[in-house]
Number of protein chains: 2
Amino acid sequence: MNTPAQEVYRTAETALKTYIRTQGLRETRERYAILKEIYLNLEHFDAEQLYNQLLAQGIKVSRATVYNALQLFVEAGLVRRYLFGEGRMLYERSLGRQQHDHLICVDCGAIEEFCDPQMGLVTESVGRLFHMRPERHDLVIYAACEKPNCPNRKIP
Amino acid sequence: MNTPAQEVYRTAETALKTYIRTQGLRETRERYAILKEIYLNLEHFDAEQLYNQLLAQGIKVSRATVYNALQLFVEAGLVRRYLFGEGRMLYERSLGRQQHDHLICVDCGAIEEFCDPQMGLVTESVGRLFHMRPERHDLVIYAACEKPNCPNRKIP
DNA sequence: CTCAATGCAAATACTTTGCAGGTTA
DNA sequence: TAACCTGCAAAGTATTTGCATTGAG
C-alpha cells in the first residue's frame, strides 16, 4: 500500500532521474537516499538536520555531499531554499504542494504555510510602479500565538 | 544651513543619547561617529561597507565596535536590520522614513523601497486564519527591469 | 577506462566572543 | 575608581572548495 507521501516521493525520484540524465550527470545511491529522506521524513529543515537524520538512519554521507545534493535538487526544482531571519538556509520539498509563503511563531518558532491570493496583486502593482516584472517574492510573517491552549503563548 | 538629512541625523543623535542614558550605557565618540556615517552617507549597507567607509573617512574603529554599535542601534530603534537572499545582514537607518518593504532588481541588484497598504490586509487575514497576532513581516520582491533605457535590463 | 561524485579536511565569509587596556560617568 | 567600551585576535557558524579516492557509465 502507498501513502500519498510515497507517491510524491516516487514522482520526485523520477524527476531526479530525468534531470540527471538530461544534464549528463550520474546517479548515485547518496543522491537518492538524500532525496528520499527529504520527501519522506522532513518538513522544513537545514543542511545540518538533514545530515544528522541521514546518519541516524545509518546512511553514511558527508556534509559536502549533502550540500552538493541540496544544490542539485534546487536546480532541478525538487527542493526550495529559503533564508529566514536566522542566518542559515532552510529547505523544503517542492513537489506535491502549491506555492506558499510562511508564518513563523515568535513564541515557539513553528513554521506555518499559507497561500494568500492578495500577494499576487501586491507584486503586480509594485512591479507596475517601478516598471519591473516581478519574478518571485519572499514573504515571512512573524506572529505571536493567541490560541488559548497553546503552551507557547506569551502571558496574555 | 541644514539639509533634511542633517535634521534627521540630529534627531537620531538625540534619540541615541536618550537611549544610552536610560539604559545606563556610555556615550563614546565611536558610537556617534558610526551613527553619523549611517545617517549621512549610507543607504542600504552591510557591516563591512560601514567599516570601510569609516576607515576611508579617517575614523579609526574596529570591526567589533562596528558590530557592537549596529546591535545597539537596532535595539534603540535607530537602525533596521534585514537578511535578504545574500546571506549577510543588511542595515538601513529607520528614523525619518516610513515602514516599507523591498524590491530587488534581479538584473543589477538595486534595492528599491515601497509601501503597499494591501500588506496590512494580508498579514491581518493570515493572522486571523492561524489565530495569531502578526507583529511584523519581511517581504522582498525580486523583479526584472523593463525600463527601456536601463543598462541592466536583460535582452527583451 | 574516464570523468564525475564522494569524503575528508582545510578554507572561506560573516559574525560573535574573550580579554587586556583605555575611557566614561 | 568602577564598570563599560574598544581593539585585537581567536573562536564560532554555516557553507564552500581542493584533492585524492571511489564508482557510474
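So you know, we letter chains A, B, ... as the sequences are listed, proteins then strands, and number each from 1. Bear in mind the structure is a predicted one, so any value in this text is a computation, not a measurement.
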Q: Just to be sure I understand the rule, does A:Arg26 reach a base, reach only the sugar-phosphate, or reach nothing, if contact means heavy atoms closer than 4.0 Å?
A: base
Q: What is the separation between atom CZ on A:Arg88 and atom C1' on D:dG12, rounded to the nearest whole Å?
A: 15 Å
Q: Rounded off to whole Å, could you give me the OH-to-P distance for the B:Tyr51 and C:dT16 pair?
A: 16 Å
Q: Determine: side-chain N/O of B:Thr28 to OP1/OP2 of D:dC5, distance under 4.0 Å, yes or no.
A: no
Q: Could you tell me whether the side chains of A:Tyr9 and A:Glu13 share a donor-acceptor contact shorter than 3.5 Å?
A: yes
Q: Please verify the inter-ring angle class for B:Phe84 with B:Tyr82; under 30° counts as parallel, over 60° as perpendicular, anything in between as tilted.
A: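 The arrangement is parallel - the two ring planes meet at less than 30°.
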Q: Starting at atom CG of A:Leu72, determine the distance to atom C1' of D:dT16, rounded to an integer number of angstrom.
A: 16 Å
Q: Rounded to the nearest Å, what distance is computed from the CG atom of residue A:Leu25 to the P atom of nucleotide C:dC3?
A: 15 Å
Q: CD of B:Glu30 versus P of C:dG22: gap in Å, rounded?
A: 14 Å
Q: Send over the distance from A:Glu86 CD to C:dC14 C1', rounded to a whole Å.
A: 17 Å
Q: Please check if the side chain of A:Arg31 supplies one atom and the backbone of A:Arg26 the other of a donor-acceptor pair under 3.5 Å.
A: yes
Q: Just N and O in the side chain of A:Asn68: are any of them under 4.0 Å from OP1 or OP2 of C:dT6?
A: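 Yes.
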Q: Taking side chain to side chain contact (heavy atoms under 4.5 Å, CB included) as the criterion, tell me which of A:Glu92, A:Gln53, A:Arg93 meets it with A:Leu42.
A: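 Looking at A:Glu92, A:Gln53, A:Arg93, the match for A:Leu42 under the side chain to side chain contact (heavy atoms under 4.5 Å, CB included) is A:Gln53.
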Q: With DNA chain C as reference, determine whether B:Leu90 or B:Glu27 sits nearer its 5' end, using the nearest nucleotide of each.
A: B:Leu90
Q: When the distance from CD of A:Gln49 to C1' of D:dA14 is rounded to whole Å, what number comes out?
A: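 To the nearest whole Å, that distance equals 13 Å.
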Q: Quick one: label A:Arg29 by what it contacts on the DNA or RNA (base, sugar-phosphate, nothing), any heavy atom closer than 4.0 Å.
A: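 Sugar-phosphate only.
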Q: Does B:Tyr67 make a side-chain N or O approach to OP1 or OP2 of C:dT15 shorter than 4.0 Å?
A: yes
Q: Whole-Å distance between C:dA13 P and B:Arg63 CZ?
A: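 So the CZ-P distance, B:Arg63 to C:dA13, works out to 12 Å.
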Q: B:His131 and A:Glu146: side-chain donor and acceptor closer than 3.5 Å?
A: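 No pair is found: no donor N or O on one side chain lies under 3.5 Å from an acceptor on the other.
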Q: So B:Glu48, base contact, sugar-phosphate only, or nothing? Heavy-atom distance under 4.0 Å.
A: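 The answer is nothing, as B:Glu48 stays clear of every strand by at least 4.0 Å.
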Q: Taking for each residue the nucleotide of DNA chain C with the nearest heavy atom, is it A:Gly24 or A:Lys60 whose nucleotide lies nearer the 5' end?
A: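 It is A:Gly24, whose closest nucleotide lies nearer the 5' terminus.
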